[in-house]
Amino acid sequence: MPVHNNEIADIFETLADLLEIEDANPYRVRAYRNAARTVRSHTRSMSDLVEQKKDLSKIPTIGKDLAKKIKTIVVTGKLPLLEKVRSRTPNILSDIMSVKGFGPKRVKTLYQKLKIQSLDDVRRAARSGKVRKLKGFGKKTEKTLLQRLEHFSTETARTRLITAEKIASPLVNYLKKSKGVKKVVIAGSYRRCKETVGDLDILVTAQKSSNVMKRFIKYEEVDTVISKGSTRSTVILRSGLSVDLRVVPQISYGAALVYFTGSKAHNIALRKIAVKKHLKINEYGVYKNKSRIAGKTEKSVYKTVGLPFIPPELRENHGEFFAAHRDGLPDLVSLDNIRGDLHCHSKASDGRDTIKKMAIAASELGYEYLSINDHSKRITVAHGLNKKRLLEQIKTIDKINAKLSNIVILKSIEVDILEDGSLDLPDSILKELDFTVCAVHHKFDLSRTKQTERILRAMDNPYFNILAHPTGRLINKREPYQIDLEKIMLSAAEQQCFMELNANPDRLDLTDDACMMAKDTGVKVAISTDAHSISGISHMRFGINQARRGWLQAEDIINTRSLKALKKLFRRS
DNA sequence: GCCGTTTTCGGCCCGACTGTTTTCAGTCG
C-alpha cells in the first residue's frame, strides 16, 4: 500500500516536536511544520509524484533536502533522521506536547528532571507533587497538567460545520445582546467554510471590551474558562467545543477579521508580503512606520499590499496570493448559481418523503429540476429498486411531471457498482432514464488497484454519468476507500462522465483538494445533496462551501446549467 | 530547512494571556 500524505506529514510533525524539545534551530523546526502542512493538504499523493519522478522541490516549502526525505519515506516507509532523533528523545514526548499548555520547554524539563517515559509517568509525577517543584512550574501548572491529562487523547475529533453552526448560532445571538457591541462575527475555519472546525473564533467590535467579556464567560453553556483577558478570552463549552473571543475597536475590524479568519499560513504569507513593502500588519491595522494606514475593512488591508479582496474560502496559502497578483482569482460558484439537485431519494428506497413532496420542496427553493435517484436492488436493506419497480417509478414520475408546471423531475437511479465493475441493473432499463448516478456501497476494502479498476470499468458502461460520493468517506467515521482519484478523474473527463460533490455534511465527498484536482483534470462536478428527506435538500450550501474552497466556478458545476444543456451533457457520444 | 525584483547569505509574522517571578519565559492562535 502506498504511503499516504498524512503519514508523511505525521513523520515531519513528530520530527519537528522532537527537534523543538532538543532546542534545535526554531526555523528548521518551522520548516518541518510547514512541510507537514503542505504535504497533508496537497492535492496530489506524494507517492504518485515520486512514482512519476516529479520534482518535489518545486512545491512551496519543500526544498531539496525535504524532497529527498519525502522520497525516502515513500520508498522505505521510514525516515532515518526520525529514527535517530527518537533514539535520544523518545516519541512519547511528542504526544505530551499535544497536551494544551505544554510545549517543548516544559516537556523537556519533565523528561530531563523527572525521567518520564510515558503519560502514566507524567500522571504519577504530578499526583505526587514532584512537578510543582520544578523550576518554572508551580502548583497551578501541576493541577492544570493533571486536569488536561484526564481528558487527553491524541485524536481530537474536529467538529463538523453543521454541528458548529448549531452551537455557534445561539452564542452569537447571546453576545449581540451585550452592551455597546457593534458587530459579532464568527471567523476562523468556520468562516473559511472548512468541512470541520477545531474551535470557534468569534470576533466582536465594541466600544468597551469588559462588558462583553464578562457576559461571554457567564454564558450558560460554558464549562471551563481557559483564559480571560481584556481583549481575548477562551472557554470550553459543555459540548466540548472551545471558543476564542476577541474584542477589538470598530476601526480595527477589517484587520482583526483578516487575522482571526486565518488561515495561519495565509496570515504569515500576507504579513511577509507586507514586510517586503516596509509595512506591518497585525490585528489592529496596517502600519507604515508608526502610523496606521488601513484596517477598517478587510478590503483596505489587502489593498495596502496591492491585492484585491481574497474570499475567506481561498485563504489557505494554496496559491491565492499568486492568483490575486495576476488578477486571476476565481469567480467562485454560489448557491444562486444552482438550478437543481441531481441526487435525491424517495420513499421508494430509503428516503422519507414522496417524490411529489420532494419536487415541491425543490421548486420552493427556485430549482428548475430535481432528480430522484433511489438505490438499486443490491442494497436490500434500503429496499433498492429492481428493473420492474424502476419501470413503475418512471411511469409515476411521468404522471407527476404532467401535473407540475414549475419544476421537472428527472428520472434516475443511484445504481450500485458491483465488485467486478458491472452495474447493478441492465442497460435495457438504464437507457430509459435521463441519467445515472453510480456508486460503490460495498467491498470497500479492495486494493487500490482493484478498487480503481472497478470504477474505471463501470465508467466504460455508456450509461454511466455521475460517480456518486467518489471516495466513500464519512467525516470522523469512515476513512475513504483506496482509489487513484486522479486516474479516475482523468478517465471521467475523457469519457464525458462527472464527479459528484456530495453535499451531505457527513460526506462532503469530494474534499476541497479533490475539487481542485477535478478542475486540474478537467472533469466537471455535480453538487448534489443525496437528500433522504425534504430537509436534506437544504444541505446544498455545504456542498457550495466545499466547492468554493476547491476554487470551483459556476462553469465547473453541471447543475448550474439549464435543463436542456444538462440533458445534452448526459448523452455520451 | 527554505528562500530570493535587497538571490547563495542572512533573514524568517505578530501579539495576548498565564503563571511564576519580580521582569519575563512559555505557550498559543
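Each chain gets a letter, A, B and so on, in the order its sequence line appears, and its residues count up from 1.
Comparing A:Leu66 and A:Lys280, the nucleotide of DNA chain B nearest to each residue sits closer to the 5' end for A:Leu66. Summary of the strand contacts: A:Thr231 and A:Lys135 both lie near DNA chain B, and taking for each the nucleotide with the nearest heavy atom, the more 5' one is attributed to A:Thr231.
Taking atom P on both nucleotides, B:dT20 is separated from B:dG26 by 14 Å, rounded to a whole Å. B:dC12 sits 16 Å from B:dT6 when the P atoms are compared, rounded to a whole Å. B:dG1 and B:dT5 are spaced 24 Å apart, taking the C1' atom of each and rounding to whole Å. Using atom P as the reference point in both B:dC3 and B:dC13, the two lie 13 Å apart (nearest Å). With C1' as the reference atom, B:dT8 and B:dC14 are 28 Å apart, rounded to whole Å. To the nearest whole angstrom, the two P atoms, one in B:dC17 and one in B:dT22, are 23 Å apart. Straight-line distance between the C1' atoms of B:dA16 and B:dG11: roughly 26 Å, to the nearest whole Å. As rounded to the nearest Å, B:dC9 and B:dG15 have C1' atoms that lie 29 Å from one another.
Here A:Arg478 pairs with nothing under the salt bridge (charged side-chain N to carboxylate O under 4.0 Å, His left out) rule; sequence neighbours left out.
Within the 4.0 angstrom heavy-atom criterion, base atoms lie near A:Lys264. Among the atoms of the strands shown, only primed sugar atoms or phosphate atoms (P, OP1, OP2) are found under 4.0 Å from some heavy atom of A:Phe137. Residue A:Val275 is classed as a sugar-phosphate contact, given heavy-atom separations below 4.0 Å to backbone atoms only. A:Pro60 comes within contact range of the sugar-phosphate backbone alone, with a heavy-atom separation under 4.0 Å but no base atom that close. When heavy atoms are screened at a 4.0 angstrom cut-off, A:Lys69 is found touching the sugar-phosphate backbone but no base atom. Residue-level contact check: A:Asp244 touches the backbone only, with heavy atoms under 4.0 Å from sugar-phosphate atoms and none from bases. Across all strands, A:Asn282 comes closer than 4.0 Å only to sugar-phosphate atoms, never to a base (heavy-atom distances). Counting non-hydrogen atoms under 4.0 angstrom, A:Leu270 reaches nothing in the nucleic acid. Looking at heavy-atom distances under 4.0 Å, A:Ser233 makes no contact with the nucleic acid at all.
No option in A:Arg549, A:Arg507, A:Arg473 other than A:Arg473 meets the salt bridge (charged side-chain N to carboxylate O under 4.0 Å, His left out) test with A:Glu195. With A:Glu22 as the partner, the salt bridge (charged side-chain N to carboxylate O under 4.0 Å, His left out) test is satisfied by one option alone out of A:Lys105, A:Arg88, A:Lys108: A:Arg88. Results of the side-chain hydrogen bond (donor to acceptor under 3.5 Å, both in side chains) test with A:Thr205 over A:Gln250, A:Lys182, A:Lys183 single out A:Gln250 as the only residue that passes.
Taking the 5' to 3' direction, DNA chain B first and last meets chain A under 4.0 angstrom from a heavy atom at B:dG1 to B:dG29.
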Query raised in the report: So A:Asp513 and A:His318, side-chain contact (heavy atoms from CB on, under 4.5 Å) or not? Walk me through it.
Result: CA-CA 10 Å; A:Asp513 294 324; A:His318 273 181; 4.0 Å; yes
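B:dG19 and B:dC24 make up a base pair, with Watson-Crick or G-U wobble contacts both under 3.5 Å.
Of the inter-residue distances, the one linking A:Ile475 atom CD1 with A:Leu508 atom CG reads 4.5 Å to the nearest 0.5 angstrom.
Classification of the A:Phe321-A:His266 ring pair by plane angle, with boundaries at 30° and 60°, yields parallel.
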Under 3.5 Å donor-acceptor pairs involving side-chain atoms of residues 23-31 of chain A, not counting sequence neighbours:
unit_1, atom_1, unit_2, atom_2, d
A:Asn25, OD1, A:Tyr27, N, 2.9

